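Only one structure is covered here, and it is reproduced in the block below.
To find a chain, count down the sequence lines: A is the first, B the second, and so on, and within it residues start at 1. None of these values were measured; they are calculated from a predicted model.
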Number of protein chains: 2
Amino acid sequence: MKATLLLHTALRHFAQHGYEGASLQEIAQDVGIKKPSIYAHYRGKDELFLSAMTYALDTQKIHLATYFISTRHLSLEQSLKGFFDWFLEESTQNDQLKFILRIAYFPPVKLEREVTDLINPFFDSLHRHLTRLLRERDRTEQLLFSDDYASAALAYLTVTEGTMTEFVYNGVEAYQRRFTAVWPIFWRGLVR
Amino acid sequence: MKATLLLHTALRHFAQHGYEGASLQEIAQDVGIKKPSIYAHYRGKDELFLSAMTYALDTQKIHLATYFISTRHLSLEQSLKGFFDWFLEESTQNDQLKFILRIAYFPPVKLEREVTDLINPFFDSLHRHLTRLLRERDRTEQLLFSDDYASAALAYLTVTEGTMTEFVYNGVEAYQRRFTAVWPIFWRGLVR
DNA sequence: GTTCACCTTCCTAACGGTCGTTAGTTAACA
DNA sequence: TGTTAACTAACGACCGTTAGGAAGGTGAAC
C-alpha cells in the first residue's frame, strides 16, 4: 500500500523537478514516512527513478494500445484527432506522460544509457502502432495522399509531441490554441 | 575575458544538466578558476542562471531576425525550409537553443516566474516575425490556403519545435528523418 | 496453542560528501 | 589609491546513504 504510494509520489516529484531536482526527503514527507524508510523498498534513488520509469512506460503502453483499439469503429480522422483529447484527459489525471516526455528529452546524465534503452522501444512501439493504423485504415478508406505510412506516422508523432510539450509547460489553453492551428493544416497535407 | 567565458561555460552546463544538475564547482573548474571566484561576477547561482538566460535569449533573438532578413530574396518555401538547416547549424555551434528549449519546457521550480517572464516575450516575438513573414510573402506569391497567418505561424512553430526537440535529444539523424517526414505533409497542407 | 525464528517495514542517529555561499586576503591594474 | 578579480579557508545546509534497532506479522516446530 505504502509501496505503490511511494512509487506514485516519486513519479510525480521526478516529473515536476527532474531527477536532480527531486529530493528523497520531500518524497518521503509527501508519502508520510521518513527518508531512510525508502531504502526498505528500493536500493537507492537510481532504482526508485528507474522503477518509476518502467512503471510509467508499461502502464502508458497499455493505455495507448487500449485507446487505439477503442477507436477502431471511428474514422481515421476521428481516431487521430481524438488522440489529442485522450492525451489531455490522461495528463490531467496523472503525471506519467509528463514524466516520460521530460526524461525522454532531458534524462539525468548519469542514467542516460538506461533511460535511452527503456524509452526508445516505447516510442518505436508507438510508431509501429501508428504506422499499422494508417496502413489498415487506408486500405478501407483510401484517402491518404502517400502510401509511405511510416513517414506519415512519424510526421503525426512530431506534431503531437510539439503540441503536447506545449501543454506540459504552458497549460491547456496554449495547447488547444496550437492544436486548432496545426491540425487542419496537417490533415489537409495528409489526405489527397 | 574570463567573464564571458564564465557565462558561456555556465550556459553549456545549464543546457546539459539543467539548473539543479549544474554545479558551480564544475563550471568554475571548466573555466579555470575556483568556485568562489564566480561571486566576483555574479551574486549567486540564480543570477548566473538568469544572466545566461537573458544572454541566450538576446543573441538568439538577433540571430533569428538576421536569418529571416537574409532570406528575403528566397521563396517562402525556401525561407521556411531553410530555417531548419539554420537551426541545425546554429545548434551544433553552441548550446543556446538547447538551453532555451530546455528551460522553456522544464524551468527550475524556484525561478519559474522569472523564466516565464523572459521566455514568453521571446516566443511571442518569434511568432510575430513569422506571422508577418507569411503575410508579406503571401501578398506577392499568393499561395497560402488560408489567410489566417497567425494560425499558420503557430502551426509552423509547433512543427519546428517538435522536430528540434528531437534533435536536442536524439541527434542529427533522427532530426533529419523527422524533418523529411513532416515537411512535405505540412507544406502541402499550408498551400492551396 | 504457544513459542520461537524470521522477514518486512518502519524508525532514530549519524555518516561522508557536495551544495551554494561568505569572510578575509592578495596581486594586478587604472 | 582605489577597484577589480582572483585566491584560501571555512561555513551551514542539504544530499543520498548506512547502521542498528523496534514493532508487527507470518509460519513452522513443539
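Spacing between atom NZ of A/Lys2 and atom C1' of C/dC11 amounts to 12 Å, rounded to whole angstrom units. Put simply, CD1 on B/Ile27 is 10 Å from P on C/dC19, counting in whole angstrom units. One can place CG of A/Leu5 at 10 Å from P of C/dC10, the figure rounded to the nearest angstrom.
Crowding of B/Glu89 atom CD: a count of heavy atoms from other residues, nucleotides or ligands under 6.0 Å not exceeding 12. Within a 6.0 Å radius of OH in A/Tyr149, other residues, nucleotides and ligands contribute more than 12 heavy atoms.
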Going by atom type alone, with no hydrogens or angles, which donor-acceptor pairs under 3.5 Å involve a side-chain atom of residues 27-43 of chain B and a protein atom two or more places apart or on another chain?
| from | atom 1 | to | atom 2 | distance (Å) |
| --- | --- | --- | --- | --- |
| B/Asp30 | OD2 | B/Arg12 | NH2 | 2.6 |
| B/Asp30 | OD2 | B/His13 | NE2 | 3.2 |
| B/Ser37 | OG | B/Lys34 | O | 3.3 |

Identify each donor-acceptor pair in which a side-chain atom of residues 120-136 of chain A lies under 3.5 Å from a protein atom, sequence neighbours left out, and give them as a table.
| from | atom 1 | to | atom 2 | distance (Å) |
| --- | --- | --- | --- | --- |
| A/His127 | NE2 | A/Ala150 | O | 3.0 |
| A/His129 | ND1 | A/Ser125 | O | 3.1 |
| A/Thr131 | OG1 | A/His127 | O | 2.7 |

Would you tabulate the side-chain donor-acceptor contacts of residues 99-114 of chain A under 3.5 Å, counting partners in other chains and residues two or more places apart, or write 'none'?
| from | atom 1 | to | atom 2 | distance (Å) |
| --- | --- | --- | --- | --- |
| A/Arg102 | NH1 | A/Ala15 | O | 3.2 |
| A/Arg102 | NH1 | A/Gln16 | O | 3.0 |
| A/Tyr105 | OH | A/Glu161 | OE1 | 3.1 |
| A/Lys110 | NZ | A/Asp46 | OD1 | 3.4 |
| A/Lys110 | NZ | A/Asp46 | OD2 | 3.2 |

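Checked against B/Phe84 for a ring-ring contact (aromatic ring centres under 6.0 Å, His included), the options B/Phe179, B/Phe186, B/Phe167 give a single hit: B/Phe179.
Remark: the A/Ser75 side chain and the A/Glu141 side chain contain no N/O donor-acceptor pair separated by less than 3.5 Å. Remark: the B/Gln60 side chain and the B/Glu90 side chain contain an N/O donor-acceptor pair separated by less than 3.5 Å.
Axis deviation across the helix from C/dG1-D/dC30 to C/dA30-D/dT1 amounts to 0°, comparing end segments of five pairs, rounded to 10 degrees.
At a threshold of 4.5 Å between non-hydrogen side-chain atoms, the residues B/Leu76 and B/Leu143 count as touching. Between A/Trp86 and A/Leu64, the closest side-chain pair of non-hydrogen atoms falls below 4.5 Å.
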- [ ] Assign a letter to each nucleotide of nucleotides 20-30 of chain C from its 5' end: B, base within under 4.0 Å of a protein heavy atom; S, sugar-phosphate only; -, no contact.
- [x] BBB--------

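Within the 4.0 Å cut-off from OP1 or OP2 of C/dC10, at least one side-chain nitrogen or oxygen of A/His41 is found.
Think of the region where chain A sits on DNA chain D: with heavy atoms and a 4.0 Å cut, that region ends 5' and 3' at D/dC15 to D/dT18.
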